[in-house]
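All heavy atoms count here, side chains included; hydrogens, waters and symmetry mates do not. Along the sequence shown, residues are numbered consecutively beginning with 1. Computed from a prediction, not measured in an experiment: that's the story for all the values here.
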Amino acid sequence: MYKGGVVESSDRLLTPGEVASLFRVDPKTVTRWAAAGRIGSIRTPGGHRRFRESEVRALLSGDEAGFAEESQPTSR
(Lines give C-alpha, C1' and ligand atoms only; values in the text may rest on other atoms or scores of the structure.)
Protein backbone atom coordinates (compact mmCIF):
# COMPACT_ATOMS: atom_id res chain seq x y z
CA MET A 1 0.00 0.00 0.00
CA TYR A 2 2.11 2.86 1.32
CA LYS A 3 5.85 2.47 0.87
CA GLY A 4 8.41 5.14 1.55
CA GLY A 5 6.04 8.04 1.00
CA VAL A 6 4.70 6.62 -2.26
CA VAL A 7 1.27 5.09 -2.68
CA GLU A 8 1.24 1.90 -4.72
CA SER A 9 -0.71 2.25 -7.95
CA SER A 10 -2.99 -0.66 -6.99
CA ASP A 11 -4.59 1.47 -4.25
CA ARG A 12 -6.66 4.25 -5.76
CA LEU A 13 -6.96 7.55 -3.91
CA LEU A 14 -10.43 8.99 -3.31
CA THR A 15 -11.45 12.59 -2.79
CA PRO A 16 -13.45 13.66 0.27
CA GLY A 17 -16.50 13.94 -1.99
CA GLU A 18 -16.13 10.37 -3.23
CA VAL A 19 -15.74 9.06 0.33
CA ALA A 20 -18.72 11.13 1.44
CA SER A 21 -20.86 9.59 -1.29
CA LEU A 22 -19.94 6.08 -0.16
CA PHE A 23 -20.81 6.84 3.48
CA ARG A 24 -23.78 9.06 2.54
CA VAL A 25 -22.51 12.02 4.55
CA ASP A 26 -21.35 15.54 3.74
CA PRO A 27 -17.73 15.93 2.52
CA LYS A 28 -17.03 18.17 5.54
CA THR A 29 -17.88 15.21 7.78
CA VAL A 30 -15.19 13.14 6.06
CA THR A 31 -12.72 15.98 6.56
CA ARG A 32 -13.60 16.11 10.27
CA TRP A 33 -13.10 12.34 10.56
CA ALA A 34 -9.64 12.72 9.01
CA ALA A 35 -8.72 15.64 11.28
CA ALA A 36 -9.78 13.58 14.30
CA GLY A 37 -7.72 10.59 13.13
CA ARG A 38 -10.75 8.36 12.61
CA ILE A 39 -9.86 7.74 8.96
CA GLY A 40 -6.40 7.90 7.43
CA SER A 41 -5.65 10.48 4.79
CA ILE A 42 -2.83 11.59 2.55
CA ARG A 43 -2.11 15.21 1.67
CA THR A 44 -1.41 16.09 -1.95
CA PRO A 45 1.37 18.59 -2.71
CA GLY A 46 -1.41 21.19 -3.00
CA GLY A 47 -2.67 20.38 0.52
CA HIS A 48 -5.82 18.48 -0.45
CA ARG A 49 -6.82 15.32 1.40
CA ARG A 50 -7.02 11.97 -0.35
CA PHE A 51 -8.13 8.65 1.12
CA ARG A 52 -6.91 5.14 0.27
CA GLU A 53 -9.73 3.22 -1.39
CA SER A 54 -8.76 -0.03 0.37
CA GLU A 55 -9.04 1.62 3.80
CA VAL A 56 -12.38 3.23 2.94
CA ARG A 57 -13.77 -0.08 1.65
CA ALA A 58 -12.60 -1.84 4.83
CA LEU A 59 -14.39 0.75 6.97
CA LEU A 60 -17.52 0.41 4.87
CA SER A 61 -17.60 -3.36 5.23
CA GLY A 62 -16.79 -3.48 8.93
CA ASP A 63 -17.59 -0.25 10.70
CA GLU A 64 -19.99 1.74 8.54
CA ALA A 65 -22.77 1.73 11.13
CA GLY A 66 -20.58 3.35 13.77
CA PHE A 67 -19.49 6.12 11.44
CA ALA A 68 -22.99 6.76 10.10
CA GLU A 69 -24.53 6.94 13.58
CA GLU A 70 -22.00 9.50 14.76
CA SER A 71 -22.58 11.72 11.72
CA GLN A 72 -26.32 11.97 12.49
CA PRO A 73 -27.53 14.71 14.84
CA THR A 74 -29.00 13.45 18.10
CA SER A 75 -32.44 14.48 19.30
CA ARG A 76 -31.57 15.18 22.95
Side-chain angles (χ1 to χ4, degrees):
M1 282 195 201
Y2 194 75
K3 294 182 179 179
V6 178
V7 177
E8 288 184 13
S9 60
S10 63
D11 203 7
R12 196 166 79 94
L13 296 178
L14 304 175
T15 65
E18 291 170 323
V19 176
S21 293
L22 292 170
F23 282 99
R24 296 182 181 168
V25 298
D26 190 87
K28 290 287 186 187
T29 300
V30 175
T31 301
R32 284 192 298 271
W33 290 343
R38 302 193 55 201
I39 184 170
S41 67
I42 297 169
R43 292 284 188 153
T44 67
H48 300 280
R49 289 188 192 272
R50 296 293 180 263
F51 303 88
R52 289 179 201 87
E53 185 175 29
S54 61
E55 182 179 345
V56 171
R57 296 283 178 195
L59 287 170
L60 275 170
S61 65
D63 200 22
E64 179 182 9
F67 272 88
E69 287 172 11
E70 291 181 22
S71 66
Q72 303 292 328
T74 58
S75 57
R76 292 183 193 179

A.B. asks: Verify side chain to side chain contact (heavy atoms under 4.5 Å, CB included) between Phe51 and Val30, making sure each step is shown before the conclusion.
C.D. replies: CA-CA 10 Å; Phe51 303 88; Val30 175; 3.6 Å; yes

A.B. asks: Give the minimum heavy-atom separation between Glu18 and Leu14, together with the two atoms involved.
C.D. replies: OE1-CA, 3.1 Å

A.B. asks: Any side-chain to backbone donor/acceptor pair from Asp11 onto Arg52? Under 3.5 Å, distance only.
C.D. replies: no

A.B. asks: With side-chain contact (heavy atoms from CB on, under 4.5 Å) as the test, pick out the partner of Arg49 among Leu13, Thr44, Val19, Thr31.
C.D. replies: Thr31

A.B. asks: Compute whether any side-chain donor of one residue and acceptor of the other, for Thr29 and Arg32, lie under 3.5 angstrom apart.
C.D. replies: yes

A.B. asks: Give the minimum heavy-atom separation between Ser41 and Ala34, together with the two atoms involved.
C.D. replies: OG-CB, 4.0 Å

